Amino acid sequence: MKFAILSKGDRKSNELRTKIKNYLSEFKLEYDEEAPELVISVGGDGTLLEAFHTYLNRLDDTAFIGIHTGHLGFYADWMPEEVEKLIIEIARTPFQVVEYPLLEVVIKQKDHEEEERHLALNECAIKTSEGSVVVDIDIKGDHFETFRGDGLCISTPSGSTAYNKALGGAILHPSLEAIQVTEMASINNRVFRTIGSPLVLPGHHTCVFRPLNERSFLFTIDHLTRTYSNVESIQCRVAKEKVRFARFRPFPFWRRVHDSFISDQYTEEGKDK
């Protein structure tokens, strides 16, 4: 099996990267950064997002696994002290694959014939530095509302625990083929009105945002940020591609959510107060 390793870049992560690479090579696994079957992320969720975007062209052939070396990573299943156990599992055990839905974002500019297509593991955020974001929102070809506010966050089920959660969106199980649209500080008064609630759209529904004023828009696709001008439309839907995660042991989604956001220690301390 061919493997590659991406490190966060700090001393601890780099040392683990070297250790894993040496041990797996001793087990006769081949290190290959061009066409790996398994990509090991050593760091946090940001490192795994970087790994995902590095191997976007190999999503059908590459699986990902994370080791967290800082704060608990939502996508990272393994602790540094478990590395030797993980190495043995990788070397001797065929891994199971768990697939999560992705977000497809298609950006069309008025002065460009070619559309730009992006994939997001977590979310796409749409903002502007020139006042409010003002867009018509069409869902499945029908006009739904005109949004005015700070911006919009369109997230995947796995990404629903990230920026979306901070905005008050719902946490979605990644078995759901869906995307979620969450508002950022919408303007609601007797003149302007939005739904004011997150929208969960199934896989067969497409959402299109059409700007109503001349603004440059700041798009954040996961950890990547870019500014676009003369935007005609932004189309979002569940992508046909999926991300594949390697599993060597069960790690249920709701346990992952619990471990990331709820501390048993805090709960016990709270009972004493």
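As the structure is a prediction and not an experimental result, all values here were calculated from the model. As a basis for the values below, the full set of heavy atoms in this structure was taken, side chains included, without hydrogen atoms, waters or symmetry mates.
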Peer 1: Linking directly or through intermediates, with side-chain heavy atoms under 4.5 Å: list the remaining ILVMFWY members grouped with Val106, chain and number order.
Peer 2: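 Val106 clusters with nothing; isolated.
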
Peer 1: Do side-chain atoms of Asp222 reach the backbone of Glu123 as a donor and acceptor pair under 3.5 angstrom?
Peer 2: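 Side chain of Asp222 to backbone of Glu123: a pair is present.
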
Peer 1: Taking the side chain as every heavy atom from C-beta outward, state whether Leu29 and Ile90 have any pair of such atoms under 4.5 Å apart.
Peer 2: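 A side-chain contact under 4.5 Å exists here.
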
Peer 1: Is a side-chain donor-acceptor pair under 3.5 Å present for Thr182 with Tyr163?
Peer 2: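 Thr182 and Tyr163 do not have a side-chain donor-acceptor pair below 3.5 Å.
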
Peer 1: Do Arg249 side-chain atoms and Asp77 backbone N/O form a donor-acceptor pair below 3.5 Å?
Peer 2: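 Such a contact is found between Arg249 side chain and Asp77 backbone.
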
Peer 1: Could you list who else is in Leu172's hydrophobic cluster, with ILVMFWY side chains joined at under 4.5 Å, directly or through other members?
Peer 2: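 ILVMFWY cluster around Leu172 also holds Leu176, Val200.
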
Peer 1: Could you tell me if the side chain of Leu121 sits less than 4.5 Å from the side chain of Leu49, heavy atoms only?
Peer 2: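 Yes - at least one pair of side-chain heavy atoms lies under 4.5 Å apart.
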
Peer 1: Mind checking whether Leu152 and Glu183 have side chains closer than 4.5 Å, heavy atoms only?
Peer 2: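 Of all side-chain heavy-atom pairs linking Glu183 with Leu152, at least one is under 4.5 Å.
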
Peer 1: Show the nearest heavy-atom pair for residues Tyr23 and Ile87, with the distance to one decimal.
Peer 2: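 Tyr23 and Ile87 have their closest heavy atoms at CD2-CD1, 3.3 Å.
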
Peer 1: Is a side-chain donor-acceptor pair under 3.5 Å present for Glu116 with Tyr228?
Peer 2: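 Side chains of Tyr228 and Glu116: pair found under 3.5 Å.
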
Peer 1: Distance from His118 atom NE2 to Leu56 atom CG, nearest 0.5 Å?
Peer 2: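 So the gap between those two atoms works out to 10.5 Å.
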
Peer 1: State whether the side chain of Thr225 and the backbone N or O of Ile221 hold a donor-acceptor pair below 3.5 Å, judged by distance alone.
Peer 2: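 Judged by distance alone, no pair lies under 3.5 Å.
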
Peer 1: Would you call the rings of Phe261 and Phe74 parallel, tilted or perpendicular, taking 30° and 60° as the class edges?
Peer 2: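 Rings of Phe261 and Phe74: tilted, as their planes differ by 30° to 60°.
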
Peer 1: With a distance cut-off below 6.0 Å to the six-membered ring centre and an angular limit of 45° from the axis, does Arg255 pair with Phe253 as a cation-pi contact?
Peer 2: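 The answer is no, since Arg255 fails at least one limit relative to Phe253.
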
Peer 1: Please check if any side-chain donor atom of Asn188 sits under 3.5 Å from a side-chain acceptor atom of Thr194, or the reverse.
Peer 2: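 Yes, a side-chain donor-acceptor pair sits under 3.5 Å.
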
Peer 1: Testing Glu34, Glu37, Glu33 one by one against Lys2 for a side-chain contact (heavy atoms from CB on, under 4.5 Å), which residue passes?
Peer 2: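 It is Glu37; the other options fail the test.
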
Peer 1: Do His143 side-chain atoms and Glu145 backbone N/O form a donor-acceptor pair below 3.5 Å?
Peer 2: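 At least one qualifying donor-acceptor pair exists.
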
Peer 1: Could you tell me whether the side chain of Lys140 reaches within less than 4.5 Å of the side chain of Thr206, counting heavy atoms only?
Peer 2: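 When only atoms from C-beta onward are counted, Lys140 and Thr206 do not touch, as no gap falls below 4.5 Å.
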
Peer 1: Hydrophobic clustering (ILVMFWY, side-chain heavy atoms < 4.5 Å, transitive) - are Ile126 and Val135 grouped together?
Peer 2: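 Yes; tracing contacts between hydrophobic side chains, which count when under 4.5 Å, links both residues.
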
Peer 1: Just how far is it from atom CD1 of Ile179 to atom OG of Ser160, taken to the nearest 0.5 Å?
Peer 2: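 Between atom CD1 of Ile179 and atom OG of Ser160 there are 12.5 Å.
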
Peer 1: So, do Val39 and Leu6 sit near enough that their side-chain heavy atoms are less than 4.5 Å apart?
Peer 2: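 Val39 vs Leu6: side chains touch.
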
Peer 1: Would a 4.5 Å heavy-atom cut-off, applied to side chains only, mark Ser229 and Lys110 as touching?
Peer 2: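 SC-SC contact between Ser229 and Lys110 ruled out.
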
Peer 1: Between Asp10 and Ser13, do the side chains contain a donor N or O and an acceptor N or O under 3.5 Å apart?
Peer 2: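 Checked: Ser13/Asp10 side chains pair up, N/O donor to acceptor below 3.5 Å.
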
Peer 1: Identify whether NZ of Lys or CZ of Arg in Arg92 sits under 6.0 Å from the centre of the six-membered ring of Phe27 and within 45° of that ring's axis.
Peer 2: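 Cation-pi check for Arg92 and Phe27: fails.
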
Peer 1: Counting only N and O atoms by type, is there a donor-acceptor contact under 3.5 Å from the side chain of Arg244 to the main-chain atoms of Glu99?
Peer 2: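 Pair absent, no side-chain N/O of Arg244 close to backbone of Glu99.
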
Peer 1: Does any part of the side chain of Phe147, heavy atoms only, come nearer than 4.5 Å to the side chain of Ile187, both counted from C-beta?
Peer 2: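 Answer no - side chains too far apart.
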
Peer 1: Should the pair Phe248 and Trp78 be assigned to parallel (<30°), tilted (30 to 60°) or perpendicular (>60°) ring geometry?
Peer 2: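 Phe248 and Trp78: perpendicular rings.
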
